[in-house]
Protein chains: 2
Amino acid sequence: MTKQVEDCPIETTLKQISGKWKSVIIFRLLEHPQCRFNELQKLIPECSRRMLALQLKELEHDGLISKTFYPVVPPKTEYSLTERGKKLKPVIEGLQEWGRIN
Amino acid sequence: MTKQVEDCPIETTLKQISGKWKSVIIFRLLEHPQCRFNELQKLIPECSRRMLALQLKELEHDGLISKTFYPVVPPKTEYSLTERGKKLKPVIEGLQEWGRIN
DNA sequence: CAGTATCCCGGCAGATACTG
DNA sequence: CAGTATCTGCCGGGATACTG
């Protein structure tokens, strides 16, 4: 029943931030706490709209970011980190620090 | 010349530990400092021999693990974390902690 | 503006067989 | 034991067009 991978939750945890663009999105949202869809696009121009939408959806599903939708015309959305997402800050910074040092 | 992604090194850094099996391998090598190829296979049974070899090669290339080859018969190898790899310990633990809390 | 739908291709990764 | 070689199928992700 219990598989090895489940005993090693680091894998599951890492998946939540290691999608093709997730870390960058989180990183950007740490710098820019409130972002609209197109703002994120401009901040991460290499990421296609399709992928941005998909990754945002996963991040939202995993409770790392939250999305506020304003049903105005034209439509407006705002993405920001949840409390859970913000708690990643020291970890992300630790990673950066590690990357910088080597 | 300079692309956005290069200004955001977290992405590069994360890639070094977010291959399909890298985090698990690092994790296992933190628990078991010296591992032979087949030992790692047994510790991570869901990972094919092919993938294990590929991921190990990348980890070695990135300087996270080192490989010692003993030209005996039958051949014997030993994988372990480098100093650089060991420095990831607090980060990995931070990730685990974050994953545990939520 | 903020996405979704659809088509399509290259490359990731499994299975299997082989080697020093 | 510790890998590599090859073949193949699948799906991640780009490009483009469309929608509320």
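In what follows, every chain begins at residue 1, and chains take the letters A, B, ... in the order their sequences are listed.
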Peer 1: Starting at atom CD of A:E58, determine the distance to atom C1' of C:dG3, rounded to an integer number of angstrom.
Peer 2: 16 Å

Peer 1: Whole angstrom is fine here: how far is it from CG in B:L52 over to P in C:dC12?
Peer 2: 18 Å

Peer 1: Is it true that B:E60 and B:K57 have a side-chain N and a carboxylate O under 4.0 angstrom from each other?
Peer 2: no

Peer 1: Under 4.0 Å: is that the gap between some side-chain N or O of B:T77 and OP1 or OP2 of D:dG3?
Peer 2: yes

Peer 1: In whole Å, what is the span from the CD atom of B:E78 to the C1' atom of D:dG3?
Peer 2: 16 Å

Peer 1: Select one nucleotide: of D:dA2, D:dG3, C:dG3, the one nearest the side-chain heavy atoms of B:K67.
Peer 2: D:dG3

Peer 1: Without swapping roles, check the side chain of B:W98 against the backbone of A:R84 for a donor-acceptor pair under 3.5 Å.
Peer 2: yes

Peer 1: In a check of side chain to side chain contact (heavy atoms under 4.5 Å, CB included) between A:L59 and each of A:L29, A:L64, A:I17, A:L54, which one passes?
Peer 2: A:L64

Peer 1: Let me know the distance between NZ of A:K57 and P of C:dG3, rounded to the nearest Å.
Peer 2: 8 Å

Peer 1: Figure out the OH/P separation between A:Y79 and C:dC1, and round it to whole Å.
Peer 2: 15 Å

Peer 1: Counting only Watson-Crick or G-U wobble pairs whose two distances fall under 3.5 Å, which nucleotide matches D:dG20?
Peer 2: C:dC1

Peer 1: Of the listed nucleotides (C:dA2, D:dG3, D:dC1), which one gets closest to any side-chain atom of A:K76?
Peer 2: C:dA2

Peer 1: Are B:E39 and B:K42 ion-paired here, with the side-chain N under 4.0 Å from a carboxylate O?
Peer 2: no

Peer 1: Roughly how many Å is it from CD in B:E39 to P in D:dG3, rounded to a whole number?
Peer 2: 12 Å

Peer 1: What do the steps show when you test B:E11 against A:S23 for side-chain hydrogen bond (donor to acceptor under 3.5 Å, both in side chains), and what is the final call?
Peer 2: CA-CA 6 Å; B:E11 178 66 353; A:S23 62; 2.7 Å; yes

Peer 1: Could you give the CG-to-P distance, from B:L56 to D:dG3, as a whole number of Å?
Peer 2: 7 Å

Peer 1: Does a salt bridge link B:E83 with B:K86, judged by any charged N lying under 4.0 Å from a carboxylate O?
Peer 2: yes

Peer 1: Testing the basics here: between B:F69 and B:P75, what is the closest heavy-atom pair and its distance to 0.1 Å?
Peer 2: CE1-CB, 4.0 Å

Peer 1: Are any protein N/O atoms closer than 3.5 Å to N/O atoms in nucleotides 13-20 of chain C? If there are, list each pair with its distance.
Peer 2:
unit_1, atom_1, unit_2, atom_2, d
C:dA13, N7, B:R50, NH2, 2.5
C:dG14, OP1, B:K20, NZ, 3.3
C:dG14, OP2, B:S48, OG, 3.2
C:dG14, N7, B:R50, NE, 3.4

Peer 1: Rounded to the nearest angstrom, tell me the gap between atom CD in B:Q41 and atom C1' in D:dA2.
Peer 2: 10 Å

